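First the structure, in the form of structure tokens, and then the observations on it.
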Amino acid sequence: MNKTLIVLLGPTGIGKSDLASKIAQYYQTEIISSDSRQIYRELSIGTAVPPFEDLKKVKHHLVHSHSIHDYYSASRFEQDSLKILESIFDTKDVAIMTGGSMLYIDAVCKGIDDIPDADPKLRAELIEEYEEKGIEHLRMQLKGLDPAYYDQVDKKNHMRLLHAIEICLTTGKPYSSLRTQTAKERPFSILKIGINRDRAELYQRINHRVDIMIQQGLEEEARQVYELRHLNSLNTVGYKELFAFFDGEIDRDKAIELIKRNTRHYARKQLTWFRKDKNITWFKPENEKEIINFTNQELEVKI
RNA sequence: GGUGCCAUAGCUCAGUUGGUAGAGCAAUGGACUGAAAAUCCAUGUGUCCCUGGUUCGAUUCCAGGUGGCACCA
């Protein structure tokens, strides 16, 4: 029998978790979270981790599985997810993946190139160089190391430049030679379900959800990790704005306003990414029955 | 009821000594292979409140109207 991964995706705050839980219960299976921030056990309120009852009812993977101190990446996510999927598919025919991290979802569905992790020391050095000498310095360095990639890279984006340089230096090969740009084969089928709603309504829900997070104690949660604010895992909407408030740079209301805005921006960015993916079948979140009908139909075709 | 001030982008406002307009915020589109909730790029037509007058030409000046605010009764 064919194994199928149902990927439930959509912008933040749309109601994915809730729906995923229902679908998982329907198929009596487990959920893998594809959310780059819910993996951190130190964060809960600001990352909208599903409520305890849901986590109890349905087995969730990659939620609170790591620490904010851990190094993590899309590639690690690919490896972790594939391992978990293998074990789920041992006993079940369907697995659910849900979460809004676009690159993570693609890493599992399409694969990510086999490139070694960059040495953290080297990365730190390169960042320092960038801060001292500016972006032009990075451009020149990359031009020397990998002219082919230099031609196609976004030259205003220091992260792209930095990453290419660090890979060239750690592997001794041009970064572009390691990029295969081809999708990996998976031993299971993938069914992508997108959920979305009217933009104004989505934004209202996002704004409201931020107010609720504040009521639930997001400020206290942020305060507990304030000292670690330099960690990449805390360069996260909902936390970075409160850190700016703690620093006295902005007032509390401003911080809340910025959390709302940045969450809206994030939702928009997700929609931009998903729009490109023609394999997604879109539904309204309230149409649970239609979604189940659709997945059942698709699963039958595959059997 | 009287007097004064205001009416310009979704919001707050600037501006045009009369030649049909621009900032901030918000919003929108896009890029994306180990930091991705990250990072980067791009986008400003709006009856300049309405009607009439002056003028070659009015969003700008004048009159009236409408709405808002303030003060006086």
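Quick caveat: nothing in here was measured; it's all calculated off a predicted structure. Each chain gets a letter, A, B and so on, in the order the sequences are listed, and its residues count up from 1.
For B:G34, the base is syn relative to its sugar; the glycosidic angle is within 90° of 0.
B:G67 and B:C40 have their C1' atoms separated by 46 Å, with the value rounded to a whole Å. Nucleotides B:G46 and B:C11, compared at atom C1', are 14 Å apart to the nearest Å. Between the P atoms of B:A73 and B:G68, the separation comes to 23 Å (whole Å). Between B:C56 and B:C50, the distance separating the two P atoms is 24 Å to the nearest Å. Taking atom C1' in both B:U47 and B:A37, the straight-line distance is 42 Å, to the nearest Å. The same atom, P, is picked in B:G1 and in B:A58; the two are 34 Å apart, to the nearest Å. Taking atom P on both B:C5 and B:G65, the two are 16 Å apart, rounded to the nearest angstrom. Taking the C1' atoms as reference points, B:G22 lies 23 Å from B:C61, given to the whole Å.
Dashed line: the shortest gap from a side-chain N or O of A:Asn262 to OP1 or OP2 of B:A38 is not under 4.0 Å. Phosphate proximity of B:A35 to A:Ser73: absent, as no side-chain N or O sits under 4.0 Å from OP1 or OP2. For A:Lys155, no side-chain nitrogen or oxygen approaches OP1 or OP2 of B:C41 to under 4.0 Å. Put simply, A:His158 has no side-chain N or O that comes within less than 4.0 Å of OP1 or OP2 on B:U39. At the phosphate of B:G34, neither OP1 nor OP2 sits under 4.0 Å from any side-chain N or O atom of A:Tyr72. Distances shown here put a side-chain N or O of A:Tyr71 below 4.0 Å from the OP1 or OP2 atom of B:A35. Residue A:Lys240 places at least one side-chain N or O under 4.0 Å from the OP1 or OP2 atom of B:A38. Close to B:U28, at under 4.0 Å from its OP1 or OP2, lies a side-chain N or O of A:Arg199. When the side-chain nitrogen and oxygen atoms of A:Lys269 are compared with OP1 and OP2 of B:C40, none of them lie within a distance under 4.0 Å. Regarding contacts with the backbone of B:A31, every side-chain N or O of A:Arg160 stays at 4.0 angstrom or more from both OP1 and OP2. OP1 or OP2 of B:A27 lies within a sub-4.0 Å distance of a side-chain N or O belonging to A:Arg264. Not one side-chain nitrogen or oxygen of A:Arg76 sits closer than 4.0 Å to the OP1 or OP2 atom of B:G34. Between A:His265 and the phosphate of B:A27, there is a side-chain N or O to OP1/OP2 separation shorter than 4.0 Å.
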Quiz item: Which is it for A:Ser176 and A:Asp146 under the side chain to side chain donor-acceptor pair (under 3.5 Å) test, yes or no, and what are the steps along the way?
Solution: CA-CA 7 Å; A:Ser176 55; A:Asp146 188 351; 2.8 Å; yes
Quiz prompt | Chi angles and distances behind the ring-ring contact (aromatic ring centres under 6.0 Å, His included) call for A:His66, A:Tyr40 | solution = CA-CA 5 Å; A:His66 294 70; A:Tyr40 299 118; 7.4 Å; no
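The side chain to side chain contact (heavy atoms under 4.5 Å, CB included) test applied to A:Glu136 returns A:Arg139, A:Met140, not counting sequence neighbours.
Within the 4.0 angstrom heavy-atom criterion, no nucleotide atom of any strand lies near A:Gln270. Using a 4.0 Å heavy-atom criterion, one finds that A:Tyr175 contacts the sugar-phosphate atoms exclusively. Backbone-only engagement by A:Ser101 is indicated by non-hydrogen atom pairs under 4.0 Å involving sugar-phosphate atoms exclusively. Note on A:Asn235: only backbone sugar-phosphate atoms sit closer than 4.0 angstrom, heavy atoms only; bases stay farther off. If you check every strand for non-hydrogen atoms under 4.0 Å, A:Thr12 touches nothing. Using a 4.0 Å heavy-atom criterion, one finds that A:Asp119 contacts no nucleic acid atom at all. Note on A:Tyr239: nothing from the nucleic acid sits closer than 4.0 angstrom, heavy atoms only. A:Gly111 comes within contact range of no nucleotide atom at all, as no heavy-atom separation falls under 4.0 Å.
No side-chain heavy atom of A:Tyr150 sits less than 4.5 Å from a side-chain heavy atom of A:Tyr175. Between A:Met102 and A:Lys269, the closest side-chain pair of non-hydrogen atoms falls below 4.5 Å. You'll find the side chain of A:Thr98 stays beyond 4.5 Å of the side chain of A:Val7, heavy atoms only.
Residue A:Ile105 contributes atom CD1, which lies 15 Å from atom C1' of B:U33 at whole-angstrom precision. For A:Asp106 and B:A38, the CG to P distance is 17 Å, given to the nearest whole Å. Rounded to whole angstrom, the span from the CG atom of A:Leu162 across to the C1' atom of B:C40 amounts to 13 Å. Protein atom CE of A:Met159 is 8 Å distant from nucleotide atom P of B:A35, rounded to whole Å. In this structure, A:Gln152 places its CD atom 10 Å from P of B:C32, rounding to the nearest Å. Taking atom CE on A:Met102 and atom C1' on B:G34, their separation rounds to 16 Å, with Å as the unit. Regarding A:Arg268, its CZ atom lies at a distance of 16 Å from the C1' atom of B:A36, rounded to whole Å. Atom C1' of nucleotide B:C25 and atom NZ of A:Lys254 are separated by 7 Å, given to the nearest angstrom.
Residues A:Leu103 and A:Ile39 share a hydrophobic cluster, clusters being chains of Ile/Leu/Val/Met/Phe/Trp/Tyr side chains in contact below 4.5 Å.
Using a 4.0 Å cut-off on heavy atoms, the residues of residues 200-232 of chain A that approach RNA chain B are A:Tyr203, A:Asn232, listed by number.
Stacking of A:Arg76 on the aromatic ring of A:Tyr71 is not recorded, the 6.0 Å distance cut-off and the 45° axial limit not both being met.
B:A7 is paired with B:U66 under the Watson-Crick or G-U wobble criterion, all donor-acceptor distances under 3.5 Å. Shown here, B:A27 forms a base pair with B:U43; the pair counts as Watson-Crick or G-U wobble because both key distances fall under 3.5 Å. The partner of B:C61 is B:G53, by the rule that a Watson-Crick or G-U pair needs both atom distances under 3.5 Å. Here B:A36 sits opposite no nucleotide as a Watson-Crick or G-U wobble pair (both hydrogen-bonding atom distances under 3.5 Å).
Within 6.0 Å of the NE2 atom in A:His265, the count of heavy atoms belonging to other residues, nucleotides or ligands exceeds 12. The 12-atom threshold is exceeded at NZ of A:Lys184, counting heavy atoms of other residues, nucleotides or ligands nearer than 6.0 Å. Surrounding CD of A:Glu128 are at most 12 heavy atoms belonging to other residues, nucleotides or ligands under 6.0 Å away.
Residue order along RNA chain B, read from the 5' end via each residue's closest nucleotide, puts A:Arg261 first among A:Ile115 and A:Arg261. Two residues, A:Ile167 and A:Gly100, neighbour RNA chain B, and the one matched to the more 5' nucleotide by heavy-atom proximity is A:Ile167.
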Nucleotides 9-12 of chain B: which of its N/O atoms have a protein N/O under 3.5 Å away?
none

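Using cut-offs of 30° and 60° for the angle between ring planes, the A:Tyr130 and A:His158 rings count as parallel.
Less than 6.0 angstrom separates the ring centroid of A:Phe283 from the ring centroid of A:Phe294.
With rounding to the nearest 0.5 angstrom, the CD1 atom of A:Ile115 is 10.5 Å from the NZ atom of A:Lys173.
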